[in-house]
Amino acid sequence: MKFEASMLRDGSKMKKRNQYLGLATLGLVLAITGCTKHEKPNFVYAPDMAYSPAIKAQEEGQRMPVKGTIPRGYIPYQYAGMDAISAGRENKNPLRRTESVMARGQLMYNTYCIVCHGPQGDGDGYIVPKYPRPPSLQTEKIRNYADGSIYHIVTMGQNVMPSYATQIAPADRWAITHYIRALQRAKNPTPADVKAAEQE
Ligand code: HEC
């Protein structure tokens with residue numbers, strides 16, 4: 001076969017036509033699939049793939065514990081909705097004031113409370129005054145508080161004082177209230193306390 005100029009021309013025409021066709025196809029594809037935002041396509045070619053029925057972990061559909069489920073060994077605090085005074089009336093200190101309870105209370109107080117409330121509960125912990133000075137635990141108000149009211153404040157927190165419910169176990173919170181009583185009586189001994197001390 002002999003090459004001719006006309007064939008060449010035809011060839012380039014064919015090329016042009018193919019180009020047009022290509023562009024048109026591209027345009028059509030773009031129009032169908034859409035150059036829109038990914039979240040909301042106009043047309044979904046394979047919906048089964050786009051919207052997989054598989055459930056992702058941590059997503060809706062995960063099995064949740066039955067309502068009211070609590071961790072093992074955890075006893076929920078029943079007086080959370082009350083004020084400290086009312087809670088104190090209801091919630092009694094279950095611990096007897098033994099030597100080991102007092103020692104535990106002292107250790108816990110010196111670990112968690114002393115930084116703000118000070119060694120005698122005067123509100124002169126070494127974080128003060130960088131941290132707002134807490135009220136004294138030696139006031140008549142706190143001396144007249146039931147143990148359960150102090151327990152309530154440690155459990156729930158009060159204004160700027162945070163809750164210690166996650167750090168201090170319930171029994172340790174009760175031990176702390178016993179120890180605070182000891183601090184209070186050391187500063188304000190009853191006549192019987194004075195007599196006992198004199199006899200010693
Ligand atoms: C980070 C500092 C901080 C720590 C730690 C802290 N407290 Fe307090 N506490 C405060 C402040 C501040 C207040 C006053 C809150 C307010 O404005 O009502 C307060 C208030 C109290 C009150 C009530 C006093 C009142 O007159 O109303 C009690 C009781 C108490 N704390 C006990 C404790 C015990 C027990 C601990 C240790 C388990 C403890 N606090 C740990 C800062 C602290």
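Numbering of ligands and ligand atoms starts at 1, following listing order. All residue numbers in this chain count up from 1 along the given sequence.
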Practice item. Please work out whether any backbone atom (N, CA, C, O) or any side-chain heavy atom from C-beta onward of I168 is under 4.0 Å from ligand 1, and answer side chain, backbone, both or neither. Key: side chain

Review point. Under 3.5 Å, is there a donor-acceptor pair between the Y109 and H117 side chains?
Key: no

Practice item. Examine ligand 1 and decide if any of its atoms is less than 4.0 Å from a heavy atom belonging to I180. Key: yes

Check your understanding: Judged by atom type as modelled, is there a donor-acceptor pair below 3.5 Å linking the side chain of D122 to the main-chain atoms of D124?
Key -> no

Check your understanding: Tell me: protein heavy atom nearest atom 5 (C) of ligand 1, and distance?
Key -> Y164 OH, 2.8 Å

Exercise for review: Would you please indicate yes or no on a ring centroid separation below 6.0 angstrom for F43 and Y45?
Suggested key: no

Practice item. Pull out every atom of ligand 1 sitting under 4.0 Å from any heavy atom of V115, numbered as shown with elements. Key: 5 (C)

Practice item. Provide, to 0.1 Å, the distance between atom 12 (C) of ligand 1 and the closest protein heavy atom, together with that atom's residue and name. Key: V160 CG2, 3.5 Å

Review point. Sub-3.5 Å donor-acceptor pair from the side chain of Q106 to the main-chain atoms of Y179, do we have one?
Key: no

Practice item. Ignoring hydrogens and angles, tell me if any N or O in the side chain of T111 forms a donor-acceptor pair with the backbone of L107 under 3.5 Å. Key: yes

Check your understanding: Is I153 reachable from L95 through a run of hydrophobic residues whose side-chain heavy atoms are each under 4.5 Å from the next?
Key -> no

Revision key, fill the gap. Residue, atom and distance of the protein heavy atom nearest atom 26 (O) of ligand 1 read K141 NZ, 3.1 Å

Review point. Between Y109 and ligand 1, which residue portion shows a heavy-atom distance shorter than 4.0 Å: side chain, backbone, both, or neither?
Key: neither

Check your understanding: Excluding waters, how many protein N/O/S atoms sit closer than 2.8 Å to atom 8 (Fe) of ligand 1?
Key -> 2

Practice item. Check for a donor-acceptor pair, side chain of D172 on one end and backbone N or O of I168 on the other, with a separation under 3.5 Å. Key: no

Check your understanding: Is the backbone of Q138 close enough, under 3.5 Å, to the side chain of K141 for a donor and an acceptor to pair up by distance?
Key -> no

Exercise for review: Would you tell me which option among D172, I142, N159 has the nearest heavy-atom contact to atom 24 (C) of ligand 1?
Suggested key: I142

Revision key, fill the gap. The atoms of ligand 1 lying under 4.0 Å from a heavy atom of P135, numbered in the order shown, are 13 (C), 14 (C), 24 (C), 25 (C), 26 (O)

Review point. Under 3.5 Å, is there a donor-acceptor pair between the side chain of H152 and the main chain of M82?
Key: yes

Exercise for review: Say whether T155 and R173, considering side chains only, have a donor N or O and an acceptor N or O under 3.5 Å apart.
Suggested key: yes

